Structure formats: structure tokens, C-alpha cells
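For reference, the structure discussed in these notes is given below.
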Amino acid sequence: MLGFIAYPMLSVFYYSLQNYNVTKPWRNGFAGFDNFRRIFTDDPLFWDSLVFSGKWVVTEVTLQLALGLVLALLVNQTFVGRAAARALVFSPWAVSGVLTTTIWLLLYNPSTGVGRYLADAGIGEYGSSVLSDTGTVFWAAVLAELWRGVPFFAILILADLQSIPGDLYEAASVDGANRFRQFFHITLPHLRDAIILSTLLRAVWEFNNVDLLLTLTEGGPAGVTTTLPLYVAVTGFEAHDFGYATALTTVAFAILLFCSILYLRLSKFGGDHK
């Protein structure tokens, strides 16, 4: 714990107070809070990336939760081939972010991908790419991440669905409750904690998403798909400004910590609600 968690965290806090650029060693040294002053007063890219991060997280988590819940309810039913259907639904979660990007880059390829066949059908134009258009790149990236992220919610929700006693539904049916009322009065209350926990975990992971966006759009076009962690990666590993990058990381950590605590408090996670 000390070696792999505490020491790296303390190192980040230490370097956030330093000027540390390996390409300009003569400027290295203690900077105090200059990096943080620069973040909040002199860096519009920070605010742009933070706003996009919020938009990305809310869109992804909302859609993934809704689609994951629907999929979990479907594969929880009894039907022929259910095991194969579950394996098919859950398989994208086993694919790494880079491989997911490779799949979607091929699908979005303007010469050999889906766009070519849509153009053949009279929809769109030949040679146009959804990843190079600022009006379509966001939803193209959202769709790619949905394919990978929806199974996460489906897996967790399905596991919790199977823990709901069947006699509750039988008693509700006897009392005249239809499927709609059973869902809102039995299913959702039992899924509440699983939904709260899964949305929190997924929100943190989506906020920290770097691999898919970096390899799919590289933060473009014109920086419109640059999240805060992606901005940190570019600042640190391309500009080699590790002092400023660690300051950005510290700010991101504080934002995530505050939002997580607030979310758990407002949602009353673990409270008596059934």
C-alpha cells in the first residue's frame, strides 16, 4: 500500500509544487503555488477540457446505465440460447481500449468503413469522416465507448437481479401488480445500491478515460474531444512539463474526491430503503 499507492500520491503532490520540465532543466526548482495559479487564471485549455470531461461523463454514464439496465433485464429472462446471449452481451467488456479503438477506427474509415456503404445508399458523402468533423466526432466517440461500457452495467445489474427473491414478484402478481409496477416497486429499490455504486465507479473511470480518446481522436479535431486526463497526458508526455501536469492531476483528484463524496451523501448509499 505504501509503495504502490501512498508514495506515488505523495510524489504527485510534491511535483505539483515544482517547476519540472526535462527539456528545460535550468528552470527546474520550487514553484510554490504558481502551477495552480496558472491553472485557474492563465489556462483556458484547463476549463475547456474540464467542461468536456463533465459532458463526456454525464453522457456516457447515463446512456450506459440505461442500456445496461435494459440488457440485464433481457438476459435475465428465461429463453433458448440465454447463455450464448449473455456471452455475446458481456464480450465487449473483455476487449481492451486500444483494441476497441482499432475496431471502431475500421468502422469509421471513410474508404472502407460503414460510411462508404452509407454513401453507396445515398446517405452522406464519399470520403467524409465522422472523426474529423467537430459536429459528429463527439457522438462517434460516445458510440465507441458505449459498446465497451454497457456490458459493465449489464453484468453488475444482472448479478443483483438474480438476488431478488422470486416470491416478491409472485406476491405482487397475486395483489394485481403489473410488470410496470413490479419494476418500480420491487426491481428498482433492490437495484438501488448496485446502480449507485456502478454509476460512481463508471463515472470515475470515464473521467479518467485516456486510451480510447487518445487513440481514436487524439483529442481532436481542434481539441474538442480533449478531457482533463488527456490534457494531463499530453502536457506530461509530449510537452514534458511534468510539474504542471502533476498540478493538473492534483486538481483532477480534488474534483473527483469532492464529487464522489457529494454523490454518496446525496444518494444515501447503503441506507435503509427497501
Side-chain angles (χ1 to χ4, degrees), residues 1-20 30-65 68 97 141-142 145 148-149 152-153 156-157 191-214 219 223 225-237 239 241-273:
M1 293 288 287
L2 289 175
F4 292 99
I5 297 179
Y7 174 73
M9 289 180 63
L10 292 175
S11 296
V12 168
F13 294 143
Y14 169 77
Y15 283 110
S16 69
L17 302 175
Q18 306 290 320
N19 286 321
Y20 185 64
F30 182 71
F33 293 99
D34 286 350
N35 287 327
F36 295 98
R37 178 192 57 76
R38 176 183 165 192
I39 289 174
F40 293 110
T41 62
D42 299 330
D43 189 358
L45 292 178
F46 164 75
W47 296 106
D48 291 342
S49 63
L50 182 60
V51 170
F52 177 76
S53 296
K55 177 182 176 182
W56 172 263
V57 169
V58 171
T59 303
E60 281 292 344
V61 174
T62 301
L63 292 177
Q64 288 179 24
L65 172 62
V142 165
E145 182 64 8
R148 183 176 66 164
F152 168 77
F153 284 97
L156 289 186
I157 292 174
L191 294 178
R192 180 177 179 273
D193 282 349
I195 290 175
I196 292 172
L197 182 60
S198 60
T199 51
L200 176 60
L201 290 175
R202 197 61 189 157
V204 173
W205 294 343
E206 289 297 348
F207 183 89
N208 290 321
N209 189 321
V210 172
D211 55 353
L212 184 135
L213 288 173
L214 178 62
T225 58
T226 300
T227 59
L228 181 54
L230 184 54
Y231 181 37
V232 171
V234 171
T235 302
F237 296 104
D241 192 351
F242 294 103
Y244 190 62
T246 52
L248 288 168
T249 302
T250 303
V251 173
F253 170 77
I255 292 172
L256 282 178
L257 181 62
F258 172 77
C259 292
S260 298
I261 294 175
L262 181 64
Y263 179 67
L264 290 176
R265 289 290 183 89
L266 292 177
S267 63
K268 299 180 181 179
F269 176 72
D272 186 11
H273 54 273

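For clarity, every value in this text was computed on a predicted model and none was experimentally measured.
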Compare all side-chain heavy atoms of [X] with those of [Y] and state whether any distance is below 4.5 angstrom.
X	Y	result
Leu200	Phe269	no
Thr226	Phe52	no
Ile195	Phe153	no
Leu50	Tyr231	no
Leu17	Phe30	yes

Pick out which of Leu213, Leu214, Val210 makes a side-chain contact (heavy atoms from CB on, under 4.5 Å) with Pro229.
->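 That would be Val210.
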
From [X] [atom1] over to [Y] [atom2], what is the distance, rounded to the nearest 0.5 angstrom?
X	Y	atom1	atom2	value
Phe33	Ile39	CZ	CD1	12.0 Å
Ser260	Ile255	OG	CD1	11.5 Å
Phe242	Thr249	CZ	OG1	11.0 Å
Phe253	Phe258	CZ	CZ	14.0 Å
Leu256	Phe207	CG	CZ	4.5 Å
Thr235	Leu230	OG1	CG	9.0 Å

Any sub-3.5 Å donor-acceptor pair from Asn35's side-chain atoms to Gln18's backbone N or O?
->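 Checking the backbone N and O of Gln18 against the side chain of Asn35, a donor-acceptor pair under 3.5 Å is found.
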
Keeping the roles fixed (side chain from Ser267, backbone from Ile196), state whether a donor-acceptor pair exists under 3.5 Å.
->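 Here the side-chain-to-backbone pair does not exist.
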
Please determine, by modelled atom types, if Thr246 and Tyr20 share a side-chain donor-acceptor pair under 3.5 angstrom.
->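 The answer is no; no qualifying pair exists.
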
Is it the case that over 12 heavy atoms from other parts of the model lie below 6.0 angstrom from the [atom1] atom of [X]?
X	atom1	result
Leu257	CG	yes
Tyr7	OH	no
Tyr14	OH	no

For Ile157 and Leu65, what are the C-alpha separation, side-chain angles and deciding distance, and is it a side-chain contact (heavy atoms from CB on, under 4.5 Å)?
-> CA-CA 9 Å; Ile157 292 174; Leu65 172 62; 4.1 Å; yes

Under 6.0 Å between the ring centres of Phe40 and Phe46?
->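 For Phe40 and Phe46, the ring centres are under 6.0 Å apart.
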
Kindly write out the residues that satisfy ring pair (Phe, Tyr, Trp, His ring centres under 6.0 Å) with Phe152, not counting sequence neighbours, or none if the list is empty.
->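 With sequence neighbours excluded, Phe152 shows a ring pair (Phe, Tyr, Trp, His ring centres under 6.0 Å) to Trp93, Trp205, given in chain and number order.
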
For the pair Arg202 and Glu145, find out whether any cationic side-chain nitrogen is under 4.0 Å from an anionic carboxylate oxygen.
->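 Between Glu145 and Arg202 there is a salt bridge, with a charged N closer than 4.0 Å to a carboxylate O.
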
